Amino acid sequence: MRIHVADHPLISHKLTALRDERTDSPTFRRLADELVTLLAYEATRDVRVTPIQIRTPVGPTLGVKLAAPRPLVVPILRAGLGMLEGMTRLMPTAEVGFLGMIRDETTLQASTYATRLPDDLSGRQCYVLDPMLATGGTLIAACRFLIERGATEITAICLLAAPEGVTALREAFETSTVPITVVTGAMDERLDEHGYIVPGLGDAGDRLYGVV
Ligand code: URA
């Protein structure tokens, strides 16, 4: 598994505003959206392209376009939805599948409550959107789900990550042949006793959409 911590002053600046407890939901949503676009630029570094011949007004040239099968973007509901638009803005021709996962706040175990994904993901590069890589439970379950359907490459985009989650993910896929990459805006210190990232930003879903 590869982990890439984006080291860019603009990302750190926006993350600081995102973390701030005084940031309201509309601003939080805008910042999350902007951060995803910046992280997605890094996360799609290895997206597959195919050569195409075009003509400019001056003459012929060789360019590229996204290869088939199209990349699949998978936001993990609910908080991952806040990252979807920032991702599809960068890659508008990608397909989007949905995975609803919920974490039991006592056991910290993740379970799937909704799916809308192609049955066959053979040959697909998948981009999973999950703002918080905390215990790793949700992301591990999501990656297993995608690998079972044939995904050949998975890149997770997370606004923040905790070392415990990265270790869990690494151990879970130690022997997997499917390459997994995590691109994150920052690696925080640790998890607290409730599985929240410290210093983190609190509950990403609540901060995006309110407590429901
Ligand atoms: N999920 C969140 O929303 N925040 C955390 O800190 C951990 C998991």
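Please read these numbers as outputs of a predicted model, since none were measured by experiment. Note that ligands are numbered from 1 as they come in the structure, with each ligand's atoms numbered from 1 the same way.
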Students should be able to answer this: which protein heavy-atom is nearest to [atom], and at what distance?
atom: atom 6 (O) of ligand 1; answer: Ile197 N, 2.8 Å
atom: atom 3 (O) of ligand 1; answer: Ala204 N, 2.7 Å
atom: atom 5 (C) of ligand 1; answer: Tyr196 CD2, 3.4 Å
atom: atom 4 (N) of ligand 1; answer: Gly202 O, 2.8 Å

(message) If we check side chain to side chain contact (heavy atoms under 4.5 Å, CB included) with Met101, which of these qualifies: Asp130, Leu139, Thr115, Thr138?
(response) Thr138
(request) Find all atoms of ligand 1 within a distance of less than 4.0 Å from any non-hydrogen atom belonging to Gly195, and give their numbers and elements. (result) 7 (C)
(request) For Ala134, counting its heavy atoms only, list the atoms of ligand 1 lying under 4.0 Å from any of them. (result) 7 (C), 8 (C)
(message) Could you check whether any side-chain heavy atom of Leu159 comes within less than 4.5 Å of a side-chain heavy atom of Leu39, counting everything from C-beta outward?
(response) yes
(request) May I ask you to check whether over 12 heavy atoms, not counting those of Asp24, lie within 6.0 Å of atom CG? (result) yes
(request) Could you give me the CA-CA distance, side-chain angles and deciding distance for Thr27 and Arg30, then say whether side chain to side chain contact (heavy atoms under 4.5 Å, CB included) is met? (result) CA-CA 5 Å; Thr27 313; Arg30 180 180 53 75; 3.5 Å; yes
(message) Could you check whether any side-chain N or O of Thr88 sits under 3.5 Å from a backbone N or O of Met91, counting only pairs where one atom can act as donor and the other as acceptor?
(response) no
